[in-house]
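The residues of the chain are indexed from 1 along the displayed sequence.
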Amino acid sequence: MSDILISQNEFEQFRALMRRVAGVELSPQKKSLVSGRLGRRLRALGLVSFGEYFRLVAGGTDPQEYERMVDLLTTHETYFFREPGHFDYLADVVLPQLRTDRRSVRVWSAASSSGEEAYSLAMVLADRLGIDAQWEVFASDISREVVDKARGGIYAMQRIDGIPSDYLRRFCLRGVGSREGTLQVDPELRRRVRFAQVNLNEQLARIGDFDVIFLRNVLIYFDLPTKRRIVERVARQLRPGGWLFIGHSESLNGLDLPLSQARPTIYRPA
């Protein structure tokens, strides 16, 4: 089957669907991305047009394919210890304050993708608080596929450059035999990270409250009203005196939120 071209009308249908179900704003420049990622599904299913595929996923008759479509259009690139200054601030400023509290420390990686951010957080907590201390990393993503992958904690060696050498030695295992060329996060550390599929556009009260929330490099995919609603919803899950981290390419300017800036990209409840 030759490559099938997506029409502008078909592209707009997928844009509207993703905006409605995930709050994701696919820019006009993403037309080729949508065509490339979904085109593989058309070929696998033997469909002849993107309109036919849209009717399949939007009609509610194939929930599994609908979820696969959302996965394909919401999976974003990530890596270990991305924006390392945030992890330094967590280790040197936030955790020393939390150590004086008797309650369990809870940290949320709210757009964890394939898990690198969540395991980076777990390494810092295990290092500074102790592997047996009372803490938890909760990691979520809208994509069930990447959440399932993240639970295994297996990564190609070329994706681990950001991990400090001491952490590599203490918290990671090098693959051997059939897994040569990969790294797996140590099972003891993996047990301290809980993954779940979560849509940030839905109610979040069931996941509990947190001392620290990393909501990084995901807000850039939302329009302004959706961004404000998501940050409001996420910020409600902060414990009093908690910390909210956003990505360095993101801003909360003009959103009129009950948050005060501790430093650029780091906020606390006002």
With respect to R144, which candidate in V147, V146, D148 satisfies the side-chain contact (heavy atoms from CB on, under 4.5 Å) definition? D148
Do P187 and L173 come close enough that some side-chain heavy atom pair is under 4.5 Å? yes
What is the distance from atom CD of E67 to atom CD of E145, rounded to the nearest 0.5 Å? 9.5 Å
Applying salt bridge (charged side-chain N to carboxylate O under 4.0 Å, His left out) to E83 and not counting sequence neighbours gives R216
L215 backbone acceptor or donor facing W108 side chain under 3.5 Å: no
Test Y119 against every option in F171, F195, F87, Y79 by the ring pair (Phe, Tyr, Trp, His ring centres under 6.0 Å) rule and name the one that passes. F195
So S35 and L5, side chain to side chain contact (heavy atoms under 4.5 Å, CB included) or not? Walk me through it. CA-CA 7 Å; S35 179; L5 298 179; 5.8 Å; no
Listed pairs under 3.5 Å, donor-acceptor, residues 152-163 side chains, sequence neighbours left out:
from: Y155; atom 1: OH; to: S114; atom 2: O; distance (Å): 2.7
from: R159; atom 1: NE; to: E116; atom 2: OE2; distance (Å): 3.3
from: R159; atom 1: NH1; to: E77; atom 2: OE2; distance (Å): 3.2
from: R159; atom 1: NH2; to: T78; atom 2: O; distance (Å): 2.8
from: R159; atom 1: NH2; to: E116; atom 2: OE2; distance (Å): 2.9

Sub-4.5 Å side-chain heavy-atom contact between R192 and V137: no
Looking at every heavy atom in both R99 and R128, which two are closest together, and how far apart are they? NH1-O, 3.0 Å
Nearest heavy-atom approach of A139 to V193 is CB-CG1, 4.3 Å
Is the shortest side-chain heavy-atom distance between V212 and L95 below 4.5 Å? no
Under a 4.5 Å cut-off applied to non-hydrogen side-chain atoms, are F222 and E25 in contact? no
With a 4.5 Å cut-off on side-chain heavy atoms, are K227 and I230 touching? no
No-hydrogen, no-angle side-chain donor-acceptor test under 3.5 Å, E65 and Y53: yes
Show your working on salt bridge (charged side-chain N to carboxylate O under 4.0 Å, His left out) between D186 and R170 and close with a plain yes or no. CA-CA 8 Å; D186 185 86; R170 294 165 59 194; over 6 Å; no
Worked verdict on T226 versus V24 for side chain to side chain contact (heavy atoms under 4.5 Å, CB included): CA-CA 8 Å; T226 304; V24 171; over 6 Å; no
Tell me if a side-chain donor or acceptor on D62 pairs with a main-chain N or O of V57 at a distance below 3.5 Å. no
Just wondering, more than 12 heavy atoms not from D166 lying within 6.0 Å of its CG? yes
Can you tell me how far apart NZ (K31) and CZ (R15) are? Round to the nearest 0.5 Å. 11.0 Å
Less than 4.5 Å apart, any side-chain heavy atom of L38 and any of F50? yes
Closest contact, heavy atoms only, P269 versus S260: O-OG, 4.1 Å
Worked verdict on R40 versus L72 for side chain to side chain contact (heavy atoms under 4.5 Å, CB included): CA-CA 10 Å; R40 294 192 294 269; L72 288 170; 4.2 Å; yes
Kindly say whether I142 contributes a backbone atom to a donor-acceptor pair with the side chain of Q197 at under 3.5 angstrom? yes
Please test T265 against L252 for side chain to side chain contact (heavy atoms under 4.5 Å, CB included), starting from the C-alpha separation and ending with a verdict. CA-CA 8 Å; T265 70; L252 302 186; over 6 Å; no
Q237 side chain to F210 main-chain N or O, any donor-acceptor pair under 3.5 Å? no
To the nearest 0.5 Å, how far apart are CD in E180 and OG1 in T182? 9.0 Å
Applying salt bridge (charged side-chain N to carboxylate O under 4.0 Å, His left out) to D71 and R68, what does each step give before you reach the verdict? CA-CA 5 Å; D71 285 349; R68 183 176 284 113; over 6 Å; no
For residues E52 and L45, determine if any side-chain heavy atom of one lies less than 4.5 Å from a side-chain heavy atom of the other. no
For I246 against H86, the heavy-atom pair lying closest together: O-CE1, 3.0 Å
Measure from the ring center of F54 to the ring center of F14 and say whether it is less than 6.0 Å. yes
Separation between CZ (R191) and CD1 (I131), nearest 0.5 Å, reads 8.5 Å
Heavy-atom pair of closest approach, residues E117 and S109: OE1-OG, 2.6 Å
Roughly how far, to the nearest 0.5 Å, is the CD1 atom of I213 from the CZ atom of F138? 10.5 Å
Using side-chain heavy atoms (C-beta onward) and a distance below 4.5 Å, is S140 in contact with I207? no
Over 12 non-hydrogen atoms of neighbours within 6.0 angstrom of CZ in R151: yes
Could you check whether any side-chain N or O of R268 sits under 3.5 Å from a backbone N or O of G241, counting only pairs where one atom can act as donor and the other as acceptor? yes
Could you measure the distance from the CG atom of D223 to the CZ atom of R229? Nearest 0.5 Å is fine. 7.0 Å
Closest contact, heavy atoms only, D209 versus R239: OD1-NE, 3.3 Å
